[in-house]
Amino acid sequence: MDIKQNEIFTSIISNVSRRKFLKSVAAAGLLININSQPASASSNAKGKIIVIGGGAAGLSTAARLARKLDSPDITVIDPADRQFYQPGFTLIGGGVYTADMVSKSQESCIPHGVKWLKDEVLFIDPEKNYVTTITEKKLPYDFLVLTPGLQMNFEQVEGITRADLGKGNAHCIYDYYGAQRMWEAIQKFSETGGTGIFTNTYTKHKCGGAPKKINLLTEHYARKQGTRNKMQLSYFNANEKIFDTPFYATRLDEIFKERNIAHINNHRLVSVDTAKKIASFVKVEKTTVEEINPETGKMEKVEKEVFTPENYTYDLLHFLPPMSVPDFVRESGLAGKSKEGWIPVDKGTMIHKKWKNIISLGDASNLPTSKTSAAIRMQYPIAAANLISLMEGKEPTEIYNGYTACPIVTEYGKVLMAEFDYNRTPMPTFPIIDTSHEQWLFWLLKKYALKPIYFYGMLNGWM
């Protein structure tokens, strides 16, 4: 398709209602790998189910359970008034979406046949099977769907809080208001120029591609304005590689080089001086030392990390805070042993390693895959089926293979669609398309289709 055809088709798509576009592409099965779980009869299994968390994982699982159970008794506990399509925050930060385009009232998103308790969980007792909420109500359950999402720990970056986002031109698009401020900052930065620093974080975090996306969109926006030569851009990566799936990492490395964006690995942001506009990092290097093992009394070689402080001045900063499970999960004894406490589940069935009447999926679980809504879209039908098997007294048989997708926006109009499984093996939805390079078709998918699919398909348990 040549440039003129591209412009014409984009114009046509832009004037088609998004809901109609969703229906047409979903019906044709052209733009999304719709979950094709085999049709199954409903179950007469009974039990009181509590779902903790009313985000993507919680509502999708609740909706699927409500469809599959003859007499569902399902309560979702979540304090939020609004349901946000969080993958859209990047597009707000890049000026593609307006702020009002990514949310609906939570009430309108609660699945049919599911009760909503607008409250906050304080504690779970997995021994006695009850949940305590902020109103001090003790709610018993037979089965628990633990999908509380993750917790962003802004306080672990010294010098800035979530409430301070934007101060000193330090931003984070993972926050709804922060994404709006980021778009304002990008526009101003393209006029003034200067040094732009973009970071991720050293913990597992939701949508690992988002920090790269906003970096690349900033660069492309400046090019479109003719001001790219006025700025120096750097991406500070807390990990050893820019992406952990080699098939896509190769092209990402090339893109950063082509765009003249410095790519610096193994650097963790530790503090921000918003007054002086200084971002402080530690460079992490591994070294091998010999020391006495206190258990054996013998000298052994041990690999350790060495941290070297480094400071950089900036004019524009985008950063991520470390992330973890919510505090109440850890306090309830349901967290894992890692520092972040990701909930330990079987990576195939998503059943808790210790408590067999608890199932967990989504961002808070320790499933060894990327934390994306695309991953949840494949997880929740399997999780719901396995929970019903448990309710029926059967062994769960459905297995999740780790599929996830990360549509990495590389510029306005192009997306590198990264899809892979637990083994980091590419799993392209469209094998006939070269997914090793960014494509315009996936930009259409990202911009027009995924959001309505989320609200009208996924949250209703359909896909």
Side-chain angles (χ1 to χ4, degrees), residues 53-58 78-106 120 148-189 196-218 221 235-236 238 268-274 277 279 314 316-327 340 362-364 370-373 376 406 409 451 454:
D78 193 284
D81 291 310
R82 306 292 296 176
Q83 175 73 215
F84 288 97
Y85 174 62
Q86 294 184 40
F89 288 7
T90 304
L91 296 182
I92 292 176
V96 180
Y97 283 176
T98 56
D100 60 347
M101 292 172 64
V102 300
S103 73
K104 293 166 62 71
S105 72
Q106 183 75 317
E120 187 174 340
L150 50 68
Q151 177 174 285
M152 294 192 289
N153 301 307
F154 283 90
E155 73 281 358
Q156 291 183 18
V157 179
E158 187 180 348
I160 194 166
T161 67
R162 188 168 187 168
D164 288 334
L165 288 177
K167 185 178 179 181
N169 218 19
H171 303 274
C172 179
I173 59 168
Y174 282 62
D175 176 85
Y176 175 59
Y177 298 104
Q180 297 170 56
R181 296 187 188 105
M182 185 64 188
W183 172 230
E184 296 172 359
I186 288 174
Q187 294 174 86
K188 186 174 181 180
F189 183 59
I197 290 179
F198 297 76
T199 83
N200 63 0
T201 188
Y202 62 92
T203 65
K204 290 274 286 186
H205 50 277
K206 66 172 75 179
C207 193
K212 304 175 190 68
K213 299 175 195 178
I214 199 64
N215 191 171
L216 293 169
L217 284 175
T218 301
Y221 182 79
Y235 181 72
F236 285 79
R268 300 179 183 178
L269 181 72
V270 293
S271 68
V272 180
D273 186 330
T274 56
K277 290 189 177 178
Y314 70 85
L316 171 68
L317 172 67
H318 180 271
F319 74 101
L320 267 64
M323 302 183 192
S324 69
V325 296
D327 291 337
E340 294 78 37
D363 291 349
S370 296
K371 299 180 183 296
T372 68
S373 61
I376 293 169
C406 185
V409 179
K451 179 165 65 76
Y454 175 84

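Residue indices begin at 1 and follow the sequence shown.
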| Partner residues of Gln83 under the side chain to side chain contact (heavy atoms under 4.5 Å, CB included) criterion, sequence neighbours left out | Leu59, Gln106, Cys109, Tyr454, Phe455, Leu459
| query | What are the two closest non-hydrogen atoms of Val157 and Pro322, and how far apart are they? | reply | CG2-CD, 3.9 Å
| request: With the side chain counted from C-beta on, respond yes when Pro148 and Asp78 share a heavy-atom pair under 4.5 Å apart, and no when they do not. | output: no
| task | Specify the closest pair of heavy atoms between Ile92 and Thr98, including all atoms of both residues, with the distance to one decimal. | result | CG1-O, 4.0 Å
| How long is the span from the CG atom in Leu269 to the CD atom in Glu158, to the nearest 0.5 Å? | 10.5 Å
| message | Are the side chains of Met182 and Thr218 in contact, using a 4.5 Å heavy-atom criterion? | response | yes
| remark: Rounded to the nearest 0.5 Å, the NZ atom of Lys371 sits from the CE atom of Met323 at a distance of 10.5 Å
| Min side-chain heavy-atom separation Cys207-Phe89 under 4.5 Å | no
| Checking side-chain contact (heavy atoms from CB on, under 4.5 Å) for the pair Ile186/Ile214: CA distance, chi angles, key distance, verdict? | CA-CA 9 Å; Ile186 288 174; Ile214 199 64; 3.9 Å; yes
| Does the side chain of Phe154 reach to within under 4.5 Å of the side chain of Phe319, using non-hydrogen atoms? | yes
| Residues that Pro211 engages under side chain to side chain contact (heavy atoms under 4.5 Å, CB included), provided they are two or more places apart | Tyr174, Asn200, Tyr235, Leu320
| said: The criterion is salt bridge (charged side-chain N to carboxylate O under 4.0 Å, His left out); which residues satisfy it with Asp100, sequence neighbours excluded? | reply: none
| With sequence neighbours excluded, what pairs up with Asn153 under the side chain to side chain donor-acceptor pair (under 3.5 Å) test? | Gln151, Ser324
| task | Check Ile173 against Gly93 and note the closest heavy-atom contact, atom names and distance. | result | CG2-CA, 4.3 Å
| message | The criterion is ring pair (Phe, Tyr, Trp, His ring centres under 6.0 Å); which residues satisfy it with Tyr221, sequence neighbours excluded? | response | Trp183
| task | Give the minimum heavy-atom separation between Tyr97 and Gly88, together with the two atoms involved. | result | CD1-O, 3.9 Å
| remark: Applied to residues 79-88, the salt bridge (charged side-chain N to carboxylate O under 4.0 Å, His left out) test, sequence neighbours excluded, yields Asp81-Lys118
| Non-hydrogen side-chain atoms of Leu316 and His318 separated by less than 4.5 Å | no
| message | Applying side chain to side chain contact (heavy atoms under 4.5 Å, CB included), can you list everything that pairs with Ala99, at least two apart in sequence or on another chain? | response | Tyr176, Gln180
| Nearest heavy-atom neighbours spanning Ala364 and Val325 | O-CG1, 3.6 Å
| said: Working to the nearest 0.5 angstrom, can you tell me the gap between Gln86 CD and Asp363 CG? | reply: 7.5 Å
| With Leu217 via side chain to side chain contact (heavy atoms under 4.5 Å, CB included) - residues at least two apart | Thr90, Val409, Tyr412
Report, one line per pair, each donor and acceptor closer than 3.5 Å where one atom sits in a side chain of residues 160-169; sequence neighbours left out.
{"from": "Thr161", "atom 1": "OG1", "to": "Ala163", "atom 2": "N", "distance (Å)": "3.4"}
{"from": "Thr161", "atom 1": "OG1", "to": "Asp164", "atom 2": "N", "distance (Å)": "3.2"}
{"from": "Thr161", "atom 1": "OG1", "to": "Asp164", "atom 2": "OD2", "distance (Å)": "3.1"}
{"from": "Arg162", "atom 1": "NE", "to": "Asp175", "atom 2": "OD1", "distance (Å)": "2.7"}
{"from": "Arg162", "atom 1": "NH2", "to": "Asp175", "atom 2": "OD1", "distance (Å)": "3.2"}
{"from": "Asn169", "atom 1": "OD1", "to": "His171", "atom 2": "NE2", "distance (Å)": "2.8"}
{"from": "Asn169", "atom 1": "ND2", "to": "Asp315", "atom 2": "O", "distance (Å)": "2.7"}

| message | Ser373: which residues meet the side chain to side chain donor-acceptor pair (under 3.5 Å) condition with it, sequence neighbours left out? | response | none
| remark: For Arg181, the salt bridge (charged side-chain N to carboxylate O under 4.0 Å, His left out) test, sequence neighbours excluded, returns none
| request: Could you tell me the separation between the NZ atom of Lys104 and the OH atom of Tyr85, rounded to the nearest 0.5 Å? | output: 14.0 Å
| For residues 86-98, which residue pairs qualify under salt bridge (charged side-chain N to carboxylate O under 4.0 Å, His left out), counting only residues two or more places apart or in two chains? | none
